Amino acid sequence: MFKEFKGLNLPQIDKEILEYWDNSQIFQKSIDQRDANQPFVFYEGPPSANGMPGIHHVMARAIKDIFCRFQTMKGKRVERKGGWDTHGLPIELSVEKELGITKEDIGKSISVEEYNDKCRETVMRYKDKWDAITKQMGYWVDLENPYVTYTNEYIESVWWLISQLYQKGLLYKGYTIQPYSPAAGTGLSSHELNMPNAYQEITDISAVAQFKVKGEVNTFILAWTTTPWTLPSNTALAVGKDIRYIKVHTFNRYTKEECFVILAKDRFSSYFSEQQPDLQPDQMKAGNQPIPYIEIVGEYTGRELEGIHYEQLLSYVIPEGKAFEVILGDFVTTSDGTGIVHISPTFGADDFKVAKLNGIAALTVPDVNGNPMPLVDKQGKFVSQVTDFAGRYVKDYGQKEERSVDTDITIKLKTENKLFVSEKYVHSYPHCWRTDKPILYYPLDSWFIKTSSLKERMVQLNQTINWKPASTGEGRFGKWLENLQDWNLSRSRYWGIPLPIWRSADAKEEICIQSIAQLKMEIDRANVALGIQQSVPADLHRPYMDEIILVSANGEKLFRELDLIDVWFDSGAMPYAQWHYPFENKEKFEQNFPADFIAEGVDQTRGWFYTLHAIGVMVFDSVAFKNVVSNGLVLDKNGQKMSKRLGNGIDPFSTIEKYGADATRWYMISNAQPWDNLKFDLSGIEEVSRKFFGTLYNTYSFFALYANIDQFKWSSAEVPLEKRPEIDRWVLSELNTLIHLVDTDYATYEPTNATRKIMEFVDENLSNWYVRLCRRRFWKGEMSEDKLAAYQTLYTCLNVVSRLMAPVAPFFADWLYRNLQEGALEKGPESIHLALIPVSDSGIIDHALEERMAYAQRISSLVLSLRKKEKLKVRQPLQKMLIPILNDNFEKQVEGVKDLILAEVNVKEIEYVSGAGNIIQKKVKPDFKSLGKKLGKNMKAVADALASLSQEEIQQIEKSGSFETSVSEEIIQLTREELDIVPVDIPGWLVATDAGLTVALDIQLSDELIAEGMARELVNRIQNIRKSSDFNVTDKIAIQLEALDFVKPAVEKYASYICSETLAEKLDVVEKGDGGEMLDLPEGEIWIKVTLS
RNA sequence: AGUCUCGUAGCUCAGCUGGUUAGAGCACUACACUGAUAAUGUAGGGGUCGGCGGUUCGAGUCCGCCCGAGACUACCA
């Protein structure tokens, strides 16, 4: 027996199937039963259990799950090791917040040890929630043996990778300009800079300074800056090599001194007004209005200006080395300022780079230890050497002062004939999220990986990766690789993997540790050399690692570099570290590298996707993954980002509990392509669950109901295809076409297309056409070959659909599959997830048949619309319909589905009208696609000519097979194949037309037709009575019907029809009696009595 | 600021390499059907395909600019 149900309850199905999976170890079996030599390698990007799982995690994980399940069903062994990302700033920040401390307190009011213990404890806070959502949504991943990034094994593997980079010479320590918060006394990560409200509008003084060219009289180069406080640190000026510059003769508006100033030609009009050849100094005004000038005296390219020396603008400190030269910078533009950029290597990232490239010195002073430091200290104050402004803050840190340093500097420049223009400038500037004070860009020491040196190889290997969507790989990721900067590995934090590098105090000697064994050896050596007792700590985190002192070959003490490794390196190391490679599992690793497939959100493009790729290329010269799906964001239904603040988040738990995991997953996948953002709307889930799951459930219920009545079991042999009726062969053809398409979609990572095609098949083909048209085959009569064919066909469809949908809707698919197993010919695997995806049999696909059926559907639809227009019920039979045919093939095709059409629209016969006669009115259109090239400009004229042809002329074309016209004296010959002749009307008939298909309907009613209509009407009413009387569909009945004239012809002629339709054993026409009920028929009321016999 | 994605009916989305009446589902309205029935069918309204320009005989589709939404990367002086 097939199980029958009272209604569809998806959450209930989830529960039952989950329990079943658990009890029967289905997930484990789905791996174990597959050939270990047929692996499909998947990497799980580790989530952080520090936060609650959200609905977007369900999205990302659904995608992962779909392809892993699909590949399992393709026979692949898909191991899925789970993982947890346990380090990183978000965790530290949340701990700080909870403890009510800041970074500066760590090591003071709380020991590093206590702090890290707290982090370790916090990081798995929501693990049980994550486990729960993983299970409830049906995401299969191995949570029993996950990799955890804070374990010693994981750390050891990371060290090994770092040491590999070190040995390849890819690791270096350098200083770069980084965001730094003087107020908080700490460097900031870019993550912190991207926090909400980090960028704030502030008003600064911008200044165009005059840099005096050496060896020329009164000639100045103009450079614009929004940070006048960096001017004392200026050591170079950058120009664009192809930008054109001009020299302008004018006067300084503050000092009235004559001057020649150089700036970009494109920027000229932003500063200067009209030419005044006889301009006098006292005409100059010190406002912001445009500046008059005398004349333009020269023009140069940037390249020509290169190498010009100029005098130091503010000489508080004299640099050591090359300085005060014009250099080329590719970042220079003419969209702002003067097209000439003031360079202060200590306070700008671009400045630093370009200065380094050109050998330009930075302006520094010695600090207390004699090491160079910039002219601004770490509190954000000028050092004493900048005498005029010593001790003053360069930005607004809440100090009380009359004027800002920037203002005072511009005043000083003004009086010294060094300022060309100054004005207020409003721009957005990054602020420290904690102190709300502006940050500085400040030189800080860091360890870097020289990723830039492997840029080409990374780009090259990236081209072999299949990105979904491709644009992310080429654009967002590819472009990013092309502009790759060195990877700043250092984090001056506490909870993370310590950098395994020890250095001597003078930085001359260093060692990079690659394993615990090596560490032990070095410790032992150091112990002997120093006569102390140290050992490898049980925990490889700070502070324990910091305490270890090693010894160099020369006997120098080596101290650990205090930095941690960027957490992104942790996750990028997972292909190796998850197996504790190379210390264990060498084979396992080799089998599982690179991954066949990974998937995460687009936000990981420069995160995990990048670090995986970078480490793979740098250490193994290989891609780390072959296929990658990057999904978009999950937004609320209005397209807003979900956030706690707006309260528009969707709780994944309650959603799944209410609608079931399958409907939720199906909705997310089918509604939009994964890489497009999803506007998440709960009503969309409802729609999917009604329209798709409801329909499929109904189809199964229908099948189960009748299969049980007929005791159908697929025990007998299959009815051969050629013995099945047209409609069976059709639906099986469509089914096999579907298999092929869906298989391809899954294989090419197009899950949305797969689900849409499955939905369309279930809705349109299976439910609304096959089942609807075949209903009576299931309920009529005893078991016959035709009936058996119907059962087998429907069974096959349901069975195949369950497999095709299994990757996306794992619960419902397994439920359906297992229900169907009750009547299987051969018992399949116990779960659908142990089964294989069906294989499309091209021998069953019959395109002509599919085309035929499409005609049947369209013709039926036309006839029904005509009936509708004339208010003729489908129950009322009609004599005939007319179909104009324009070629033999069409007639043959329609003839093949004639019975279906006639039954569907309740018409007795089809008459074909050949195109030759003049009954049909036609229209001619050119075949634009093929004629476009041939006709070109004349296309339109020809189309117009064809549109104005008379019926006779069209017939002439059909007869002769060609058409000739002239356009502007040019003769144009067209063949029949280049023209599209379609019927549009049959005068005198009731006609409907749709895209070249025309149907005419005869609506004359004979007495006979009326009688038959009445018979059907009666059948319909009697069925209703059966139903309202709660009779079983198999109960036999007896009917008494009042002898009224309008039913007599129907009963006389169609008694046996009525009886067989309604399972009546007796139909008596009698006088009105007791009981029974009154029927309301179009012709009047009639008494009827229906009883069980 | 740069890079990328997206913008088609009230809503969610199709629309392949350009081809002449721009489609589907939902929602709405009306009618029908009634042995799948909290289903189903038919019909209707609803679109300057974000805007402007260009290429072309022909543009939702190709190109340029702009506007809007979003993501990522960013001290452009």
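The shown structure was predicted, so the numbers you read here are calculated from the model rather than taken from an experiment. Below, chains carry the letters A, B, ... as their sequence lines are ordered, and counting in each starts from 1.
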key: Distance, C1' atom - from A1(B) to U21(B), rounded to whole angstrom   = 46 Å
ask   = Can a side chain N or O of N698(A) be found less than 4.0 Å away from OP1 or OP2 on A39(B)?
value = no
task = Pick the C1' atom in G7(B) and in U17(B), then give their distance to the nearest Å.
result = 23 Å
inquiry  = Between U29(B) and A14(B), how far apart are the two P atoms, rounded to whole Å?
reply    = 28 Å
query = So what does F778(A) hit on the nucleic acid, given a heavy-atom distance under 4.0 Å: a base, only sugar-phosphate, or nothing?
reply = nothing
key: Nucleotide A38(B), atom P - distance to CG of N9(A) in whole Å   = 16 Å
ask   = Are the side chains of N765(A) and Y770(A) in touch, meaning some heavy atoms are under 4.5 Å apart?
value = no
ask   = Within this structure, what is the CZ-to-P distance between R775(A) and U34(B), rounded to whole angstrom?
value = 9 Å
query = Should N1024(A) be listed as having a side-chain N or O under 4.0 Å from OP1 or OP2 of U34(B)?
reply = no
query = Does the ring centre of F609(A) sit less than 6.0 Å away from the ring centre of W467(A)?
reply = yes
ask   = When the distance from CD of E904(A) to C1' of G41(B) is rounded to whole Å, what number comes out?
value = 9 Å
request  = Could you work out the separation of C6(B) and C63(B) based on their P atoms and round it to a whole Å?
outcome  = 12 Å
query = Can you check whether I205(A)'s main-chain N or O pairs, donor with acceptor, with D406(A)'s side chain at less than 3.5 Å?
reply = no
key: No-H, no-angle donor-acceptor pair, T695(A) side chain to A36(B) base, under 3.5 Å   = no
request  = Compute the centroid of each ring, for H613(A) and then for F477(A), and state whether the two points are separated by less than 6.0 Å.
outcome  = yes
task = Round to a whole Å and report the spacing from CG of L866(A) to P of A32(B).
result = 18 Å
ask   = Going by an N to O cut-off under 4.0 Å, is there a salt bridge joining E1061(A) and R1016(A)?
value = no
remark   = Rounded to whole Å, CG of L864(A) lies from C1' of A30(B) at a distance of 17 Å
request  = Take Y441(A) and Y180(A) through the ring pair (Phe, Tyr, Trp, His ring centres under 6.0 Å) test and state the conclusion after the steps.
outcome  = CA-CA 6 Å; Y441(A) 288 90; Y180(A) 175 82; over 10 Å; no
inquiry  = Between G60(B) and U55(B), how many Å separate the two P atoms, rounded to a whole number?
reply    = 16 Å
Carboxylate-amine/guanidinium proximity below 4.0 Å for K395(A) and D204(A) = yes
ask   = So, R1021(A) and E1017(A), do they make that salt bridge, N to O below 4.0 Å?
value = yes
key: Sugar-phosphate, base or nothing in reach of S767(A), heavy atoms under 4.0 Å   = base
message = Suppose you measure atom C1' in A30(B) against the same atom in A22(B); what distance do you get, rounded to whole Å?
response = 26 Å
query = Would you say a side-chain N or O of R756(A) is under 4.0 Å from OP1 or OP2 of C13(B)?
reply = no
request  = For residues Y442(A) and Q178(A), determine if any side-chain heavy atom of one lies less than 4.5 Å from a side-chain heavy atom of the other.
outcome  = no
message = Angle between ring planes, Y610(A) versus W487(A), binned at 30° and 60°: parallel, tilted or perpendicular?
response = tilted
Sidechain-backbone polar pair: D486(A) side chain, S452(A) backbone, donor-acceptor under 3.5 Å = yes
task = Using the C1' atom on both, measure U61(B) against G23(B) and round to a whole Å.
result = 15 Å
Distance, P atom - from C11(B) to C28(B), rounded to whole angstrom = 16 Å
note = Under a 4.0 Å heavy-atom cutoff, the residues of residues 673-684 of chain A touching RNA chain B are Q673(A), D676(A), N677(A), K679(A)
N/O (side chain, R690(A)) to phosphate O (OP1/OP2, G25(B)) under 4.0 Å = no
key: Gap between atoms OH and C1', on Y697(A) and U37(B) respectively (whole Å)   = 12 Å
request  = Could you provide the dot-bracket string of RNA chain B, using ( ) for intrastrand pairs, [ ] for crossing pairs and | for bases paired to another strand, with Watson-Crick or G-U pairs below 3.5 Å?
outcome  = (((((((..((((.....[...)))).(((((.......))))).....(((((..]....))))))))))))....
